[in-house]
Peer 1: 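I have a structure I would like to understand better, so I am pasting it below and will then ask my questions one at a time.
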Amino acid sequence: MFLPEGSQDETGQILDNKATTSAIFREIAQARNFKAIATPVVEYATTFTNKHVGMKLHRMLKWFNRDGEIEVLRVDWTTAIARALMKQQSPQTKWFYEGSVFRNDKDGIESKQAGIEIIRTEAFLGEVESLLTAVAYLKELGISNYLIELGHTGIFDEIVASLNLDEADTKKLREAMHDKRRDIVYEIALAHGTEKQVTQLTQLVDAYGSVTELRNYQSIWKDNPKLTKILDHLIELANLLKQSGVDEVIIDLGRVKNLPYYSGTMFRGYVKTDGETCFSGGRYDKLYEQFDEKISAVGLAFDVDVLAKHLQQVQAKPHICILADSKTHVQAEQLRASYSNAVVDIQYEQVAAEQYDKIVTVDNEIIFSKIGD
């Protein structure tokens, strides 16, 4: 039988790696006073398609229930958790989760995530706690060759506000900024703005780099309090990360939000060896407006599939085979206990030596060994 496109079976080492990433994640999260939360894998489509969230229905795995309402497989953890927390009204402010999201706009329709959400917490504190949790987690996984990118939704919004663009052109411009398409950004800006505005937007496409490289924007934006405040905030975050041992931090001033509910600082982590995104997140205060609540909220999600692929491998345990039969199986099981730091297999028939590091009998007679005894 074949699988639907985007689905896949998994066996062996990758599953072991995912189990390891999960165990370490829970240990890190609980040690930092995060509390576990889970939401159903099936939700109403409107949870994700309403104007506050703005996800596209055609990207979801969906069906009609018996009442004619559209249900979907969970497409986003942050939105589902916001719905759940508004029902609980818990005083807890820090939450963690693990599980899959399902979207049909990626190579694989199922993506395994682990993440954190922090609500009702002072902005800088919540952002720092999110980022330093990521740093602590990656360190425990043995992943050190990564960089962190910071951005802010307010930069694009502030510069574009004076252009008086309609919704369609704003969306087109945002997509062009996301894709770093200077030609399209120039075209839209030229049709709606002054020469100064055109220059500002086209320069913003390539406005990314280290804190040192971007400090000149403090003087460029010195007459705009909103932009200078945002830049100072990002530089403060970047400096804190540097002090915490992060080797490389970059700031992308042209970074734009990909969902309507992002409303401030955004961040991503990249594995430098192949450029894959290992975590992403940011501030999303606007998400709670759908519940008539004004709540500070920030969080990030780790891509477990990426982390499992890059997990620093611990030294493999030796594989040992004990040769026995039905009459001596109990003795073999007792002997197994003496190899507490090994993977032990009991077999009744002679086995291929290359499959094991050591082969013994129930009498502890060594038949084959390529490890010290």
Side-chain angles (χ1 to χ4, degrees), residues 1-31 98-100 102 106-114 134 136-146 247 269-279 302-373:
M1 297 292 289
F2 295 101
L3 285 170
E5 183 179 1
S7 297
Q8 63 179 1
D9 298 314
E10 293 177 327
T11 61
Q13 189 63 55
I14 192 64
L15 292 178
D16 292 341
N17 285 5
K18 288 181 179 181
T20 300
T21 63
S22 176
I24 293 175
F25 174 70
R26 293 184 70 87
E27 183 178 332
I28 291 290
Q30 290 172 338
E98 296 178 273
S100 295
F102 301 85
K106 301 178 67 175
D107 292 338
I109 59 175
E110 181 180 4
S111 176
K112 294 179 177 62
Q113 294 185 350
Y137 183 35
L138 293 174
K139 180 179 179 180
E140 285 301 308
L141 292 176
I143 299 174
S144 59
N145 193 21
Y146 67 91
D247 292 334
Y270 297 96
V271 181
K272 292 167 66 175
T273 51
D274 55 18
E276 286 192 287
T277 302
C278 57
F279 72 81
F302 298 97
D303 190 320
V304 173
D305 299 304
V306 171
L307 294 179
K309 187 164 61 173
H310 292 275
L311 180 65
Q312 185 81 289
Q313 293 298 313
V314 297
Q315 185 174 0
K317 293 182 177 181
H319 279 59
I320 295 174
C321 178
I322 301 174
L323 293 177
D325 56 34
S326 59
K327 294 183 175 58
T328 59
H329 197 117
V330 172
Q331 293 97 306
E333 188 65 27
Q334 293 169 345
L335 180 60
R336 185 205 295 266
S338 67
Y339 295 108
S340 58
N341 196 34
V343 176
V344 181
D345 193 14
I346 296 175
Q347 293 288 344
Y348 285 174
E349 298 180 356
Q350 189 65 42
V351 295
E354 63 269 16
Q355 296 181 11
Y356 299 94
D357 297 300
K358 187 174 182 179
I359 302 173
V360 300
T361 68
V362 290
D363 297 323
N364 219 357
E365 176 189 356
I366 300 174
I367 305 297
F368 167 79
S369 179
K370 57 183 176 182
I371 58 177
D373 300 309

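Values in this document were obtained by computation on a predicted structure and should not be read as measured data.
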Peer 1: For a quick test of reading the model, state the closest non-hydrogen atom pair linking Phe302 to Ala134 and the distance between them.
Peer 2: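 Taking every non-hydrogen atom into account, CZ-CA, 3.6 Å.
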Peer 1: Locate the shortest heavy-atom distance separating Asn17 from Ala308; write the atom from each residue and the value.
Peer 2: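 Closest approach of Asn17 to Ala308, heavy atoms only: ND2-O, 2.9 Å.
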Peer 1: If you take all heavy atoms of Ala136 and Ile28, which pair is closest and at what distance?
Peer 2: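 So the minimum-distance heavy-atom pair works out to O-CD1, 4.1 Å.
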Peer 1: Looking at Ile346 and Ala324, what are the two nearest heavy atoms and their distance?
Peer 2: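 Smallest heavy-atom distance, with atoms named: CG2-CB, 4.3 Å.
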Peer 1: Heavy-atom count check: over 12 atoms from other residues, nucleotides or ligands less than 6.0 Å from Gln30 CD?
Peer 2: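 It does: Gln30 CD has more than 12 such atoms within range.
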Peer 1: Are side-chain heavy atoms of Val362 and Ile322 found at a separation under 4.5 Å?
Peer 2: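 The answer is yes; the side chains approach within 4.5 Å.
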Peer 1: Roughly how far, to the nearest 0.5 Å, is CG of Leu311 from NZ of Lys309?
Peer 2: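 Output value for this atom pair is 13.0 Å.
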Peer 1: For the side chain of Asp357 and the backbone of His319, is there at least one donor-acceptor N/O pair under 3.5 Å apart?
Peer 2: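 Confirmed, Asp357 side chain pairs with His319 backbone.
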Peer 1: Quick check: do Thr361 and Ile367 have side-chain heavy atoms less than 4.5 Å from each other?
Peer 2: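 Sidechains of Ile367 and Thr361: in contact.
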Peer 1: Please report the interatomic distance CD(Glu110) to OG(Ser100), rounded to the nearest 0.5 Å.
Peer 2: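 Answer for the CD-OG pair, Glu110 versus Ser100, is 3.5 Å.
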Peer 1: Side chain to side chain contact (heavy atoms under 4.5 Å, CB included) for Tyr137 and Thr21? Distances and angles first, verdict last.
Peer 2: CA-CA 9 Å; Tyr137 183 35; Thr21 63; 3.5 Å; yes
Peer 1: Can Gln355 and Cys321 be said to form a side chain to side chain contact (heavy atoms under 4.5 Å, CB included), step by step?
Peer 2: CA-CA 9 Å; Gln355 296 181 11; Cys321 178; over 6 Å; no
Peer 1: If we only count heavy atoms from C-beta on, is the Asp305 to Lys18 side-chain gap below 4.5 Å?
Peer 2: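 Asp305 vs Lys18: side chains touch.
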Peer 1: Would you say NZ of Lys272 has more than 12 non-hydrogen atoms from neighbouring residues, nucleotides or ligands within 6.0 angstrom?
Peer 2: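 Enclosed.
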Peer 1: Without hydrogens or angle criteria, can the side chains of Asn145 and His310 be said to hold a donor-acceptor pair below 3.5 Å?
Peer 2: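 Checked: Asn145/His310 side chains show no N/O donor-acceptor pair below 3.5 Å.
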Peer 1: Main chain of Asp16, side chain of Thr20: is a donor-acceptor contact present, judged purely on distance under 3.5 Å?
Peer 2: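 Looks like yes, one N/O pair under 3.5 Å.
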Peer 1: Considering non-hydrogen atoms only, spot the tightest contact between Phe279 and Thr277 and give its length.
Peer 2: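 Closest pair (atom of Phe279, atom of Thr277, distance): O-CG2, 3.3 Å.
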Peer 1: Check whether any side-chain heavy atom of His329 lies under 4.5 Å from a side-chain heavy atom of Tyr348, and answer yes or no.
Peer 2: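 Heavy-atom side-chain distance check passes, below 4.5 Å.
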Peer 1: Can you tell me how far apart OH (Tyr339) and NZ (Lys317) are? Round to the nearest 0.5 Å.
Peer 2: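 Output value for this atom pair is 15.5 Å.
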Peer 1: Nearest 0.5 Å, please: how far is OG1 in Thr328 from CG in Asp363?
Peer 2: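 So the gap between those two atoms works out to 8.5 Å.
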Peer 1: If you round to the nearest 0.5 Å, how far is CG of Asp345 from CD1 of Ile359?
Peer 2: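 That separation rounds to 10.0 Å.
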Peer 1: Do Lys358 and Pro318 have side chains that get closer than 4.5 Å, going by heavy atoms?
Peer 2: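 Answer no - side chains too far apart.
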Peer 1: Measure across Gly275 and Tyr270 and return the closest heavy-atom pair with its distance rounded to 0.1 Å.
Peer 2: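 For Gly275 and Tyr270, the tightest heavy-atom pair comes out as O-CD2, 3.5 Å.
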